[in-house]
Structures are given as structure tokens and as C-alpha cells.
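In this chain, residues are counted from 1 in sequence order.
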Amino acid sequence: MVRTLAIETSCDDTSVAIVSHDAGNFSVEHLQSFSQIDLHQHYGGIVPEIAYRSHAEKIVPLLASLWWKAILPTLDCISVTASPGLPGALVVGITSAYSLQAVSGLPVIEVDHIMGHVFSVLLERSREELALPYVCLTVSGGHNDIYLVQDKDASHTEWETQALRHKKGHMSVWSSHIVWPFRVTKLAQTMDDAAGEVFDKVARMLDGPYPGGAWIGEQAKLGSADPARTFHVAAHHDPSGLFSFSGIKGQVHQRIQQWVSTHGELATDIKHAIAYGFQEAVVDALAKKLVYWADRCSAKTIWLVGGVSANQRLRVVLQQHLEKNNKTHIPCLLPTQFVYCTDNAAMIGACGLVMQMTK
Ligand code: KG4
Ligand code: ZN
């Protein structure tokens with residue numbers, strides 16, 4: 001059995017956890033988080049300075065409660081999110097991890113936040129339940145990627161070699177990573193905004209709350225297809241290419257301006273129609289690319305992780321794309337609890353243990 005204390009402070013959640021691994025099972029022994037949403041809501045987005053100060057204020061009390069429960073000698077390592085994220089926010093977690101190392105002598109495992117999301121699917125599940133290969137859409141306010149996770153010894157397919165060659169130089173992290181019995185390869189990422197980010201920005205244009213993803217979903221349920229309010233995701237015609245969600249913000253903005261200049265304030269039914277058209281375009285782009293890669297990689301499972309995976313329409317549209325491609329035998333799954341989908345330290349612990357076992 002191996003156990004880790006895990007710390008996540010990359011964005012607007014201060015989170016600590018204790019995760020253990022035994023014979024293929026990853027258990028979450030403790031998980032405590034503080035969400036900063038109430039602090040940022042008023043500003044309509046994350047204010048880095050507020051985020052840093054809040055992490056600094058919350059991390060010690062959160063760790064103090066876990067540290068003693070952890071029974072120090074039973075821990076094998078400390079896992080901490082090292083990147084990507086807000087620099088000042090990451091520094092709080094990293095400094096805490098190395099301070100704990102100074103008093104305990106435990107090794108620190110620096111975890112990539114997105115890899116944490118990719119391995120969140122392991123939590124509270126046995127290794128046998130995890131059918132390989134799987135593709136995983138990690139989609140939130142800050143990131144928007146598709147990864148392939150396969151057995152580390154699986155042969156490199158022709159497309160994988162081609163994709164890596166083609167994409168090298170274009171993006172920073174296209175190479176495959178071997179961690180424990182897995183090989184992880186990035187298949188797609190956004191070239192600009194993440195889907196959650198545009199949900200939040202469009203919600204703001206429609207006078208909705210922050211974060212706005214769930215609100216847009218509710219507004220869209222009250223709307224329906226309207227030819228005057230359809231939107232397009234750039235480069236959507238190429239299912240193997242990169243995501244791009246920046247352009248759709250401009251389209252929504254333009255339609256709102258057109259309406260306001262001729263009719264005055266936005267009518268409620270127009271807001272509903274815009275939310276509907278916008279959500280359809282975004283979830284269709286996500287689902288289409290995901291099914292393309294699941295098919296191409298002969299995936300046994302599709303996983304959805306990150307805040308946007310809460311979107312119910314995304315799951316429906318994904319199912320429709322699977323039906324259209326005769327791939328309904330591929331199950332679409334979410335981590336065992338929704339708290340493991342959004343930013344949390346338990347997923348950092350799972351990834352840290354996977355990395356520890358690679359050593
Ligand atoms: O993973 P997360 O909690 O935090 C990070 O951004 O890292 O994801 C939050 C994002 C926000 O952009 C929020 O608007 C979006 O997930 N979100 C949704 C829904 N619920 C949350 N987007 C679309 N539909 C939803 N139901
Ligand atoms: Zn995240």
C-alpha cells in the first residue's frame with residue numbers, strides 16, 4: 001500500500017487530500033476543499049491577487065487538520081500541483097509541499113494539473129474496472145484537451161506516430177508520457193479559450209452569474225433552435241484538429257449588439273434562444289472531436305472530466321454522435337463523484353501515486 005498527502009492550489013480551489021493505493025484500488029481517505037467562487041463572483045471572473053491571498057490564508061488550516069489524521073510515518077510522498085495554473089496560486093501549494101518535506105523528509109511529487117484530471121477516473125475504482133485504452137475530455141474554465149490513455153506497452157499506431165510528428169513544434173506537450181502502466185498522449189487541445197471560459201463570458205454578456213456554465217444550461221432549456229441565432233465553432237469541419245472557442249464569443253457579442261441597436265434591451269426569449277444556439281455549437285464541437293478520437297483509437301471508454309462535464313446537453317449530444325457513428329458500445333463515464341470532476345486534491349494524489357509507482 002502507498003499513501004500520499006495531496007495539495008491543489010492552481011486556480012480558485014484550495015484543496016488537500018489523503019489518497020492511498022492498494023492492489024490496483026485508489027481510495028480517497030480524506031478530501032477537504034475551500035472554493036473561492038464567492039470571493040470572485042462579484043468581479044465576474046477570477047482575480048489573481050484575491051486568489052493568491054485566499055490560498056495563503058486557507059492552506060495552513062486545511063493542512064493542519066489532515067496532517068495529523070495522516071499519521072505521518074504512514075505516508076510515502078507529498079503530491080502537489082506544480083503547473084499549469086496561476087503562478088502565485090501554485091507557489092502557495094508548492095511552498096507548502098516543500099515545507100512539509102523539510103519536516104518529514106518525504107519526497108515531493110510535482111504533478112501536472114491536467115494529468116490529475118486524466119487520472120481522476122481512477123479514484124474509488126479498481127484498476128480492473130478501467131478498460132484501456134480510454135480517451136478523456138478534460139474541459140473546464142481553464143483547459144480543454146483530449147487525451148488517450150493506453151497500456152504503456154501498447155504498440156504505437158501509425159496515426160499516433162503521425163499525430164506526434166505533425167503536431168510537434170506546434171504545441172508544447174504533444175509527446176507521450178509513460179506513467180506506471182500507462183502511456184498518455186495528448187490528442188487535441190484548444191488553440192485559444194477553453195469551453196468553460198466561453199460559457200462564463202457568454203453568461204456575462206447575457207447578464208448571467210459567474211461562473212455561468214450551469215446558468216447557460218438552464219437558459220438553453222427554455223430556448224429552442226432559431227435560424228437567426230445559430231453559432232459556429234471555428235475549424236469545426238476538421239475533427240482531428242485543434243479546438244477553437246474564441247470566435248464564437250465574437251459572434252454572440254455581434255448578435256446581441258445587432259438586437260440591442262434595433263430593439264433596445266435583450267428580450268428574455270432572445271436570451272434563451274442565444275443560450276440554446278451557443279450551447280448547441282459548443283457541445284457539438286466537443287462531442288464530434290471526442291467521438292472521432294474514440295473511434296480512431298478504438299477506445300473502450302470515453303471519460304468526461306472538468307466542470308463542463310456537468311453539462312447535460314453535452315452527454316446527450318455525445319450519445320447522438322456515438323449513435324451516428326455506430327459506436328454506442330463505447331460507454332461515456334464520469335468519475336465516481338462529481339467533486340472529483342472539478343478541481344480537487346484527490347485527483348492530484350491519484351496522479352502523484354501513479355507517478356511514484358513509475359519511479
Ligand atoms: O473544473 P472547474 O470547476 O474549474 C476550473 O475552471 O478549473 O470548472 C468550472 C467551469 C466554469 O467555467 C463553469 O462555467 C463550467 O465549468 N461549468 C459548466 C457547467 N457547470 C460548470 N459549463 C457548462 N455547463 C455546465 N452545466
Ligand atoms: Zn482543472
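Atom CD of Q312 has 12 or fewer neighbouring heavy atoms from other residues, nucleotides or ligands inside a 6.0 Å radius.
A donor-acceptor distance shorter than 3.5 angstrom exists from the side chain of S15 to the backbone of A345, with no hydrogens or angles considered. Judged by distance alone, with hydrogens and angles left aside, the side-chain atoms of R315 form no donor-acceptor pair with the main-chain N or O of L333 at under 3.5 Å. A side-chain donor-acceptor contact under 3.5 Å links R125 to the backbone of V121. Of the possible polar contacts, none joining the E197 side chain to the G142 backbone as a donor-acceptor pair under 3.5 Å is found. Side chain of T9 to main chain of A89: a donor-acceptor pair is present (N/O by atom type, distance under 3.5 Å, no hydrogens or angles). Remark: side-chain polar atoms of D12 are not paired, donor with acceptor, to backbone N or O of I37 under 3.5 angstrom. Distance alone, capped at 3.5 Å, is enough to place a donor-acceptor pair between the R255 side chain and the T230 backbone. N144 places no side-chain N or O within 3.5 Å of a backbone atom of T190 that could act as its donor or acceptor partner. Using modelled atom types, no side-chain atom of R204 and backbone atom of P209 make a donor-acceptor pair closer than 3.5 Å.
Looking at every heavy atom in both residues, V118 comes nearest to C136 through CA-SG, 4.1 Å. The shortest non-hydrogen separation linking P87 to Y52 is CD-OH, 4.3 Å. When all heavy atoms of L66 and I18 are compared, the closest pair comes out as O-CD1, 3.7 Å. When all heavy atoms are compared, the tightest approach of L148 to P133 is CD1-CB, 3.9 Å.
In terms of hydrophobic clustering, with Ile, Leu, Val, Met, Phe, Trp and Tyr side chains grouped at heavy-atom distances under 4.5 Å, M357 and V149 are assigned to a common cluster. When hydrophobic clusters are built by joining Ile, Leu, Val, Met, Phe, Trp and Tyr residues whose side-chain heavy atoms come closer than 4.5 Å, directly or via intermediates, L314 is grouped together with W215.
Looking only at side-chain heavy atoms (C-beta outward), I256 and L266 come within less than 4.5 Å of each other. Here the side chains of V139 and L304 are not in contact, with every heavy-atom distance at 4.5 Å or above. Proximity of I274 to L206: side-chain heavy atoms (C-beta onward) are separated by under 4.5 Å at one or more points. Contact check for V291 versus L318: side-chain heavy atoms found under the 4.5 Å cut-off. Contact check for R3 versus H21: no side-chain heavy atoms found under the 4.5 Å cut-off. In this structure the side chain of Q32 reaches within 4.5 angstrom of the side chain of S65, judged on heavy atoms. Proximity of D145 to L137: side-chain heavy atoms (C-beta onward) are nowhere separated by under 4.5 Å. With contacts defined as side-chain heavy-atom distances shorter than 4.5 Å, the pair V135/L187 qualifies.
There is no side-chain donor-acceptor pair under 3.5 Å between S120 and H117. A donor atom on one side chain and an acceptor atom on the other are found under 3.5 Å apart for S79 and T4.
Between the CD atom of Q254 and the CD atom of Q257 there is a distance of 9.5 Å, given to the nearest 0.5 Å. In this structure, CD1 on I7 lies 5.0 Å from OG on S96, to the nearest 0.5 angstrom. Atoms CZ and CG, from F119 and D112 in turn, are 10.5 Å apart once rounded to the nearest 0.5 Å. Atom CD1 in I109 sits 13.0 Å away from atom OG1 in T81 (nearest 0.5 Å). To the nearest 0.5 angstrom, Q101 atom CD is 6.5 Å from I78 atom CD1. Between the OG atom of S298 and the CG atom of L132 there is a distance of 13.0 Å, given to the nearest 0.5 Å.
Taking the centre and axis of the six-membered ring of F182, the NZ or CZ atom of K152 falls outside the cone set by 45° and 6.0 Å.
With sequence neighbours excluded, no residue satisfies salt bridge (Lys or Arg N to Asp or Glu O under 4.0 Å) with E57. For D193, the salt bridge (Lys or Arg N to Asp or Glu O under 4.0 Å) partners are K249, not counting sequence neighbours. Listed by chain and residue number, A17, V19, V28, L31, L123, Y340, N344 satisfy the side chain to side chain contact (heavy atoms under 4.5 Å, CB included) test with A346 (two or more places apart in sequence, or in another chain). H329 pairs by the ring-ring contact (aromatic ring centres under 6.0 Å, His included) definition with nothing, not counting sequence neighbours. Applying the side chain to side chain contact (heavy atoms under 4.5 Å, CB included) test to V91 and every residue at least two apart in sequence or in another chain returns T95. Residues forming a ring-ring contact (aromatic ring centres under 6.0 Å, His included) with H55 (at least two apart in sequence, or on another chain): none.
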Could you go step by step and tell me if E110 and Y98 meet the side-chain hydrogen bond (donor to acceptor under 3.5 Å, both in side chains) rule?
-> CA-CA 10 Å; E110 297 193 357; Y98 281 99; 2.6 Å; yes
Run the side chain to side chain contact (heavy atoms under 4.5 Å, CB included) check on F34 and D13 step by step: do they pass?
-> CA-CA 6 Å; F34 173 79; D13 292 280; over 6 Å; no
Start with the C-alpha distance between I46 and C11, add both sets of side-chain angles, then the distance that settles side chain to side chain contact (heavy atoms under 4.5 Å, CB included), and finish with yes or no.
-> CA-CA 8 Å; I46 292 166; C11 190; 3.4 Å; yes
N311 and Q279: CA distance, side-chain angles, deciding distance, side-chain hydrogen bond (donor to acceptor under 3.5 Å, both in side chains) verdict = CA-CA 9 Å; N311 190 285; Q279 177 174 260; 2.9 Å; yes
Let me see the working for T138 and W303 under side chain to side chain contact (heavy atoms under 4.5 Å, CB included), right down to the final yes or no.
-> CA-CA 8 Å; T138 64; W303 291 93; over 6 Å; no
Verdict with reasoning, E8 to H113, per side-chain hydrogen bond (donor to acceptor under 3.5 Å, both in side chains) = CA-CA 8 Å; E8 154 67 37; H113 176 83; 3.0 Å; yes
Run the side chain to side chain contact (heavy atoms under 4.5 Å, CB included) check on F231 and V252 step by step: do they pass?
-> CA-CA 7 Å; F231 301 100; V252 172; 3.9 Å; yes
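For residues 78-94, no residue pair satisfies the salt bridge (Lys or Arg N to Asp or Glu O under 4.0 Å) rule, not counting sequence neighbours. Counting only residues at least two apart or in different chains, salt bridge (Lys or Arg N to Asp or Glu O under 4.0 Å) contacts with residues 38-49 comprise E49-R53. Sorted by first then second residue, the salt bridge (Lys or Arg N to Asp or Glu O under 4.0 Å) pairs that include residues 321-344, not counting sequence neighbours, are D295-K327. Identified under the salt bridge (Lys or Arg N to Asp or Glu O under 4.0 Å) test for residues 259-279, with sequence neighbours left out: D207-K271. Contacts classified as ring-ring contact (aromatic ring centres under 6.0 Å, His included) and involving residues 239-291 (residues at least two apart or in different chains) are given here: F199-F278, F243-F245, W259-H263.
When hydrophobic side chains of Ile, Leu, Val, Met, Phe, Trp and Tyr are connected at separations under 4.5 Å, L222 ends up as a singleton with no cluster partners.
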